[in-house]
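Each remark here refers to the structure printed beneath this line.
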Amino acid sequence: MNYKTEAYQLEDFIREMTDIVEKTDSEADRVSKAEHLVGKLIRSISWLTEDKRKPSNEGYARYSLYVDPQDRFEVLVLVWQPGHKTSLHDHDGTWGVEGIVSGQVRVTNYIQEGNVSKNVVRLRHTGSIVVQEQDTGTLLPPADCHTLEVEGDQPAITIHVYGKQLCHFKVFEPTGEKELYNAKVSYVKYSG
Ligand SMILES: [Fe+2]
């Protein structure tokens, strides 16, 4: 008999996630199955080494944990201090799952309603929620724009899985006109 007593590890997640991307084509399928696995992965982070739990003085810290060799998904950990917040951003057209290991994160969501011109995009605010410790959330274009910020005065650790290695994404700044935002490309930087 096989009694499995060890906690779910990053290696288990990678193996199961690889199996999912090999057996599914639809992004909607992948994102819902990935969310289930992220839920398992964040129950315990005994697998997360100390060097990838270090906060940064320059905003939230971002560490790469894994990139699929065929670029079908990547896994990241973000380490947040109270007051840290992202810009309003998209995910370069791919799906995403986030899971809160510890702390609380406010997620404010927007849906893309199309380009008004080359660099001006219409975004509609669709709500704001506080994601609690051990909860997960998903992103699927065109509902793939959001800000994340630490809620309250506790630090946070979050796990993120995207449908490819996110090398760049768009950030959006208000034009001053309702629902219209200037878009510009930003390149991902890692903390270590
Ligand atoms: Fe994001």
Side-chain angles (χ1 to χ4, degrees), residues 13 17 27-28 30-39 41-42 45 48 52 55-56 58-68 71-113 121-152 155-174 179 181-192:
F13 176 86
M17 194 63 225
E27 295 218 319
R30 287 181 179 185
V31 78
S32 73
K33 291 186 162 96
E35 186 179 20
H36 173 70
L37 296 189
V38 169
L41 184 63
I42 62 175
I45 51 154
L48 186 62
K52 296 203 161 50
S56 158
E58 299 159 20
Y60 60 90
R62 171 194 292 260
Y63 303 100
S64 177
L65 298 176
Y66 183 75
V67 180
D68 171 56
D71 201 19
R72 297 166 297 184
F73 70 98
E74 72 166 335
V75 189
L76 303 166
V77 58
L78 270 51
V79 182
W80 311 71
Q81 293 293 103
H84 284 166
K85 181 178 182 175
T86 69
S87 52
L88 173 55
H89 62 275
D90 75 353
H91 300 80
D92 195 30
T94 196
W95 58 266
V97 176
E98 63 249 345
I100 313 297
V101 175
S102 57
Q104 294 182 323
V105 174
R106 177 174 292 277
V107 182
T108 303
N109 290 308
Y110 296 78
I111 189 163
Q112 298 202 44
E113 297 200 315
V121 184
R122 186 179 297 279
L123 299 178
R124 182 164 51 85
H125 176 238
T126 54
S128 173
I129 53 163
V130 176
V131 187
Q132 306 286 341
E133 195 165 303
Q134 296 297 302
D135 275 356
T136 54
T138 62
L139 299 153
L140 195 58
D144 65 339
C145 299
H146 62 193
T147 61
L148 269 58
E149 61 195 295
V150 173
E151 179 81 0
I157 296 181
T158 56
I159 299 292
H160 301 252
V161 181
Y162 300 122
K164 63 180 178 182
Q165 184 174 25
L166 208 59
C167 298
H168 51 79
F169 52 88
K170 286 201 195 82
V171 296
F172 304 102
E173 282 165 9
E179 297 189 339
Y181 292 80
N182 288 310
K184 68 173 192 212
V185 174
S186 181
Y187 289 84
V188 168
K189 295 185 203 92
Y190 297 97
S191 305

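When a ligand or atom number is given, it counts from 1 through the structure's own listing order.
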Between Thr108 and His125, is there a side-chain heavy-atom distance shorter than 4.5 Å?
yes
Using a cut-off of 2.8 Å, how many protein N, O or S atoms lie below it in distance from the Fe ion (ligand 1)?
3
Any residue meeting side-chain contact (heavy atoms from CB on, under 4.5 Å) with Ser102, in chain and number order, not counting sequence neighbours:
Glu133, Ile157
With no hydrogens and no angle check, just 3.5 Å: does a side-chain donor-acceptor pair link Glu98 and Thr158?
no
Without swapping roles, check the side chain of Asp144 against the backbone of Thr94 for a donor-acceptor pair under 3.5 Å.
no
Partner set under salt bridge (Lys or Arg N to Asp or Glu O under 4.0 Å) for Asp92, not counting sequence neighbours:
Lys164
Quick test of your reading: applying salt bridge (Lys or Arg N to Asp or Glu O under 4.0 Å), list the pairs with at least one residue in residues 72-83, sequence neighbours left out, ordered by first then second residue.
Glu22-Arg72, Asp68-Arg72
